[in-house]
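The structure appears right after this line, and notes come after that.
Basis for what follows: all heavy atoms, side chains included, without hydrogens, waters or symmetry-related copies.
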Amino acid sequence: MKEYRVKGLTCANCARALEEQIHSIPYGKGATLSYHTGKLRVDERIDLEEVRKILATDGAYIENDPNHEHSNPLKRFIAISVFLLILALLVERTINQETAILFYLASTALSGYKTFIKGMKNLARLQFNMDTLMTIALIGAFGIGEWKEATVVAILFGINEYLEGLGVERARRSMEMLLQNAPKEATIMEDGQTRIVPIESLKVGDVVFVRPGEKIPSDGIVVAGKSSVNEAAITGESLPIEKEEGMSVYGGSINNEGILNVRITKAYKDSSLAKILHLVQEAQETKTPLELFIHRFAKYYTPFIMFISLLVITIPPLFFQADWRESLYQGLAVLIVGCPCALILSSPIALLAGITRNARNGVLIKGGVYLEQLGKIDTIAFDKTGTITKGKPHVAHMIAYEDEKEVLSIAASLESSSSHPLAKAIVEKAEEYGIVPEQPEQFETLTGSGIQATLHGKTYRIGNEKMFQGFSFPGHVQNDLRMLKKEGWTVVIVADEQRILGLFGIADEIREESKEVIARLHQAGVRQTVMLTGDHAKTAEKVAKAVGVTSWMAELLPEQKVEKLKELMKTGKVAMIGDGMNDAPALATADIGIAMGKGTDSAIETADVVLMQNHLGKLPNAIAIAKRVNQTIRFNIALALGLKLFALLLTIPGWLTLWIAILSDMGATILVSLLSLTILWERKAVSS
């Protein structure tokens, strides 16, 4: 099978229809066309020119096709359409309506031509969807001379189509962004010599040479060297993990300072990083946007109105000796009442208003379907590192056995030359006290354990417990060490040649707003908040209790987070919030994925919603706006159908007139539009 990237797909149903047409041509059986990823897979023997013709029927095309010159004129057409609409309104008042009609028609043609053409094809095939409804709305509005209504409807749908296209294209780029994060090459060692090879060529048993700052190419075991390794992209672990001979490492994790020789235990395609990429791809292939109620209802609504109109025209003359002309008049009025303009506008304006309102607040929502989903969630799963916490180590607790400032000054001076995250945390703690670190006279880094240096002619050491093997810890120091470990903190010890000077408990700092946000979410009706993290259980428990989530799960790999999410999704609508590449599969799997603004590109591109402020403070308000949008859409649909039903009931006593029909249709259209726009105006209704 050969794979191509397809652009210009307008909807999931359209993609399925194109796929079925491709199946009908020679060697087309088994071809797949994914709306979400924009990927087309076909047999290499297929006639690609025939495939191009099929795609072109829906305005789609193969990317980088030398035979296809494509530009997207929709944005320009909408702008010109708005200008022509304004011009038509002026001409209608100053010159005459006949001239204005030409401008109305031109404006409608520019913004709604694609939908109109599709709708006409659907009518010919007796298929009723949004395009069909839109086409009937335009025909009905033009048929009764409502030129302004038809033009406005066409422009609004042109804007909606353009915005949805942007959202879908961003979702399709998520996999490409993930692939850019994957290592491309590896330095392999053979017979004491090194050579660079493509990552795909790595085999189990190969030994690779990983320099400081490089990514480990695939899962393996350290056979030589010591270093700290950043595994945040894979496990979500907030602090670097010290690695030495015999310890396992994940592909995609970053080697911090030492040199490592790693024996590969899994080919790249089976590595942890490759699994993450596969999980995201799988989730995007199988996850389809929920159809709005109006799309489902449209299949039955328009034929029903046509049938009712036919009955109104034929039954009275045939069975009750009514006048045929009068019945035809009544039937025409029924068709006007049945014009679906108000029904069509029940959702897009409300969705657009909700997306705009959230954008003003710095919350990016990638499409109307995601806004609807955001308003339905009752369970929120949080990643810990970088989401509930800052993702940056800080000194949570310090114990000094000598003068506190002196101990902190010695520790900061030793750590000032190191780029290790734990060292930076200690230096920042010293800066809070106004301490300026000094430059050690001699400096030696002991990879995997700590630093030894000379300061004012005296030797000091700082590091983890490995640094102090054989050192005699007094009883009170042992008790303090146990206490710090029990709290889930990473312990750093500072000492001179004879005694322990102090202990530092280092942790990932909880965001200031996390506790308040969790409480506000519960008040807003979110029944369950769950923290999913790759961190240790003790650390996770401490954070969970501090912020008030209802439950937590620790030491989870990305695939395990996905499994937990699927369990949660069995009992409710679930949102996942994260910021790292390791969160991307979970973000893609959840009913709706929410990313932090300063998270990794892969998380942001995979997510459906992005919090641009890089904190959770705007989330409760965004959910409130989404719920308001859903309520407005449901009310709009009920109002539009209710007014139409009322008008239809007037046909029983014969009271329905064209004027009442027009007022019913236009009144419903104006009302649903105004109600939708109040989402932008009534700020107090959506604030928390």
Going by an N to O cut-off under 4.0 Å, is there a salt bridge joining Glu559 and Lys564? no
Is there a donor-acceptor pair under 3.5 Å between the side chain of Ser514 and the backbone N or O of Ile388? yes
4.5 Å side-chain heavy-atom contact, Gln528 and Leu568: yes
Scanning both residues in full, the closest heavy-atom pair of Ala540 with Thr533 reads CB-CG2, 3.7 Å
Could you measure the distance from the CD atom of Glu372 to the CG atom of Leu374? Nearest 0.5 Å is fine. 10.5 Å
Residue pair Thr445, Glu257: steps toward the side chain to side chain donor-acceptor pair (under 3.5 Å) verdict: CA-CA 10 Å; Thr445 299; Glu257 70 273 344; over 6 Å; no
Once you round to the nearest 0.5 Å, how far does NZ of Lys376 lie from NZ of Lys573? 6.0 Å
Counting N and O atoms only, with roles assigned by atom type, does the side chain of Lys384 sit under 3.5 Å from a partner on the main chain of Val543, one being a donor and the other an acceptor? no
Any side-chain to backbone donor/acceptor pair from Thr589 onto Pro585? Under 3.5 Å, distance only. yes
pair Lys566-Lys570: side-chain heavy atoms closer than 4.5 Å: no
Grab the two heavy atoms, one from Asp508 and one from Thr389, that are nearest each other, plus how far apart they are. OD2-OG1, 2.6 Å
Close side-chain approach of Ser228 to Ile241, heavy-atom, < 4.5 Å: no
With the threshold set at 4.0 Å, does a side-chain nitrogen-carboxylate oxygen contact exist between Lys485 and Glu465? yes
Run Lys390 and Glu512 through salt bridge (Lys or Arg N to Asp or Glu O under 4.0 Å) and show every step you take. CA-CA 9 Å; Lys390 293 182 178 179; Glu512 293 84 357; 2.8 Å; yes
Go through it in stages, so that I can follow the logic: the residues are Leu422 and Thr490, the test is side-chain contact (heavy atoms from CB on, under 4.5 Å), and I'd like the CA-CA distance, side-chain angles, deciding distance and then a yes or no. CA-CA 9 Å; Leu422 300 183; Thr490 301; 4.0 Å; yes
Closer than 4.0 angstrom, basic N to acidic O: yes or no for Glu214 and Arg211? yes
Counting only heavy atoms not in Lys627, do more than 12 sit closer than 6.0 Å to its NZ atom? yes
Under a 4.0 Å N-O cut-off, is there an ion pair linking Glu428 with Lys424? no
Does some side-chain heavy atom of Phe504 sit less than 4.5 Å from a side-chain heavy atom of Ile493? no
Counting distance only, does the side-chain N/O of Arg511 pair as donor-acceptor with the main-chain N or O of Thr387 below 3.5 Å? yes
Please find the pair of heavy atoms, one from Val395 and one from Ala425, that lie closest to each other, and give the distance. CG2-O, 3.7 Å
Does the Thr529 side chain pair with the main chain of Ile518, one donor and one acceptor, at a distance under 3.5 Å? no
Just wondering, do Leu557 and Tyr250 contact through their side chains at under 4.5 Å, heavy atoms? yes
For a 4.5 angstrom cut-off between non-hydrogen side-chain atoms, does Ile380 reach Val530? no
Indicate yes or no: does Asp378 engage Arg527 in a salt bridge with an N to O separation below 4.0 Å. yes
Evaluate the criterion side-chain contact (heavy atoms from CB on, under 4.5 Å) for residue pair Ile199 and Lys184; output intermediate values, then yes/no. CA-CA 6 Å; Ile199 193 170; Lys184 305 294 188 298; 5.7 Å; no
Heavy-atom distance under 4.5 Å between the side chains of Thr379 and Val526, does that happen here? no
Distance, nearest 0.5 Å, that separates NZ of Lys486 from NZ of Lys538: 6.5 Å
Rounded to the nearest 0.5 Å, how far apart are NE2 of His394 and CD1 of Ile510? 8.0 Å
Charged N to carboxylate O below 4.0 Å: is that the case for Asp383 and Lys561? yes
Is there a salt bridge (Lys or Arg N to Asp or Glu O under 4.0 Å) between Glu242 and Lys226 once you walk through the steps? CA-CA 7 Å; Glu242 301 295 341; Lys226 290 182 179 180; over 6 Å; no
For the backbone of Pro198 and the side chain of Ser201, can you confirm whether one donor and one acceptor N or O come within less than 3.5 Å of each other? yes
Would you say the side-chain atoms of Ser227 and Asn255 include a donor-acceptor pair closer than 3.5 Å? yes
Ignoring hydrogens, what is the shortest heavy-atom contact between Val262 and Val223? Give both atom names and the distance. N-CG2, 4.3 Å
Can you tell me how far the CG atom of Leu484 sits from the NE2 atom of His397, to the nearest 0.5 Å? 6.0 Å
Where is the tightest heavy-atom contact between Ala626 and Gly375, given as atom of each residue plus distance? CB-N, 3.4 Å
Quick one: pull up OH in Tyr4 and CD1 in Ile62 and give me the separation to the nearest 0.5 Å. 6.0 Å
Is there a side-chain contact (heavy atoms from CB on, under 4.5 Å) between Leu521 and Ile623 once you walk through the steps? CA-CA 9 Å; Leu521 289 171; Ile623 292 174; 3.6 Å; yes
Provide the closest heavy-atom pair for Met189 versus Asn261 in the form atom of the first, atom of the second, distance. SD-OD1, 3.6 Å
Go through the steps for Asp219 and Thr265 under the test side chain to side chain donor-acceptor pair (under 3.5 Å), then give the verdict. CA-CA 6 Å; Asp219 295 1; Thr265 56; 5.9 Å; no
List the steps, then state whether side-chain contact (heavy atoms from CB on, under 4.5 Å) holds for Asp608 with Ile594. CA-CA 6 Å; Asp608 309 310; Ile594 304 173; over 6 Å; no
Are the side chains of Ile679 and Val629 in contact, using a 4.5 Å heavy-atom criterion? yes
